[in-house]
Amino acid sequence: STRSVGRQGINDWSPEIENKKIIDGCISNTYDSRHLIVLDEDGNVWTCGRNENGQLGYSANNTNNPNLRCISDMLLPITKGKKIISVSAGDRHSAALDEDGKVYLWGRNDSGELGNGTTNSTHNAICLTDYNNSELYGKKIEKVEAGYNMTLVVDSEGRIYTCGDDYCGQLGQGNIKADSLEMKCINRLIDFIPKDISVGPNYDVIAIDTKGEMWAWGDCQYNKNGLT
């Protein structure tokens with residue numbers, strides 16, 4: 001394996017984005033980080049790293065892909081005319097959010113982390129907000145976080161939806177160890193609207209609500225989230 005000591009400017013050693021202004025970027029959110037996703041000011045999405053499940057946005061391969069590659073054209077026609085405003089990298093899947101609040105997912109789907117009701121992995125982006133049979137249909141999404149074999153989104157009304165692996169209850173759906181292949185709302189019946197929310201790299205989620213109270217669920221190993 002190759003290791004880097006100290007800090008390095010990615011723009012300096014990646015000629016593909018040398019003159020680009022980067023506005024968002026995420027290295028895969030897991031203890032075994034495999035890929036990087038980057039967003040420039042023009043709304044172009046770039047990826048590099050491992051691609052065994054198509055998480056880079058193009059045909060899967062089992063080699064390292066060290067050069068950042070723009071995948072915006074590959075996300076067409078599903079994102080045509082839409083500017084991407086944020087990105088997120090899960091274990092082996094990726095997510096993007098456009099200016100109209102539409103969410104796009106691609107990559108590994110073994111646990112249903114793409115939320116389309118199947119376990120079929122794909123390098124082709126899926127837009128859940130355009131799926132008639134999805135709870136996200138017609139919703140305006142304001143935040144998307146890809147985690148360890150799971151995905152979490154928050155809509156414009158503060159509703160939280162999750163899908164994927166629920167090994168430690170990280171989906172917040174109350175069905176520990178039961179995968180959820182589709183997005184389900186977890187705070188519709190409780191007084192909890194998130195102001196900020198973060199998916200951890202190992203089966204955990206933490207949030208701060210609009211009242212300033214903190215919420216946590218998922219893996220409690222080492223009491224890392226304040227729960228016992």
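Below, each value reflects all heavy atoms present in this structure, side chains not excepted, and no hydrogens, waters or symmetry copies. Positions are given from 1 along the sequence.
Within a 6.0 Å radius of CG in Asn133, more than 12 heavy atoms belonging to other residues, nucleotides or ligands are found. Within a 6.0 Å radius of NZ in Lys143, more than 12 heavy atoms belonging to other residues, nucleotides or ligands are found. Atom CD1 of Ile190 has more than 12 heavy atoms from other residues, nucleotides or ligands within 6.0 Å.
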Working for side chain to side chain donor-acceptor pair (under 3.5 Å), residues Asn109 and Asn116: CA-CA 9 Å; Asn109 197 29; Asn116 65 341; 3.2 Å; yes
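When all heavy atoms are compared, the tightest approach of Val144 to Thr151 is CG2-CG2, 4.0 Å. The shortest non-hydrogen separation linking Gly90 to Ala146 is N-CB, 3.3 Å. Contact between Ile176 and Tyr167 at its shortest, heavy atoms only, is CG2-O, 3.4 Å. Between Asp110 and Ser121, the closest heavy-atom pair is OD1-OG, 3.6 Å.
Within the model, atoms CZ of Arg50 and OG of Ser33 stand 13.5 Å from one another, a figure rounded to the nearest 0.5 Å. In this structure, CG in Leu128 is found 13.5 Å from NZ in Lys139, a value given to the nearest 0.5 Å. The CD1 atom of Ile22 sits 7.5 Å away from the CG atom of Leu39 when rounded to the nearest 0.5 Å. Separating the OG1 atom in Thr122 from the CG atom in Leu105 is a distance of 11.0 Å, to the nearest 0.5 Å. One distance of note links CG of Asn67 with CH2 of Trp46; it measures 11.0 Å at 0.5 Å rounding.
Within the 4.5 Å cutoff, the side chain of Arg34 has heavy atoms near those of the Asp91 side chain.
Using a cutoff of 4.0 Å between basic side-chain nitrogens and carboxylate oxygens, Asp209 and Lys211 are not scored as salt-bridged. Between Glu135 and Arg188 there is a salt bridge, since a side-chain N of the basic residue sits under 4.0 Å from a carboxylate O of the acidic one.
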